[in-house]
Amino acid sequence: MNLTVLIKALGNGGGEWVLYLLLIFSMLSVTLILERIAYFWSNREPAGTLIGDGIAALARGDFAAAA
């Protein structure tokens, strides 16, 4: 049996549930991506403040705070 015949047999054999499962997982992954974007966007820290604090900590010699 070659691969084409096998794929056709699986498609005709009621493999429709796989498409629904893939659709559900795709929707869940897009939802998760959008939620993570919203979370990180709302909890971002200004880069200028972060860099300034790091440079000040390095100037003091406080390497743990700079890290």
Side-chain angles (χ1 to χ4, degrees):
M1 178 182 292
N2 74 27
L3 186 60
T4 306
V5 174
L6 178 63
I7 291 173
K8 284 182 181 180
L10 287 174
N12 292 334
E16 199 173 291
W17 63 272
V18 176
L19 294 176
Y20 292 125
L21 185 65
L22 288 172
L23 180 65
I24 290 169
F25 284 139
S26 295
M27 290 170 40
L28 285 173
S29 64
V30 168
T31 303
L32 182 65
I33 290 168
L34 293 175
E35 187 272 333
R36 290 286 89 191
I37 288 172
Y39 173 79
F40 286 119
W41 185 262
S42 66
N43 291 320
R44 68 185 187 279
E45 189 168 328
T49 304
L50 185 63
I51 292 171
D53 292 345
I55 291 173
L58 285 174
R60 291 191 312 267
D62 188 5
F63 298 112

Point to revise | Pairs satisfying side-chain hydrogen bond (donor to acceptor under 3.5 Å, both in side chains), at least one member in residues 53-67, at least two apart | key: none
Study note, to complete from the structure: side-chain contact (heavy atoms from CB on, under 4.5 Å) with Leu28: of Leu32, Thr31, Val30, Ile24, only one passes, and it is Ile24
Exercise for review: Report the distance from atom CG of Leu22 to atom CE of Met27, rounding to the nearest 0.5 Å.
Suggested key: 12.5 Å
Exercise for review: Taking side chain to side chain contact (heavy atoms under 4.5 Å, CB included) as the test, write out the residues that go with Tyr39, two or more places apart.
Suggested key: Glu35, Arg36, Asn43
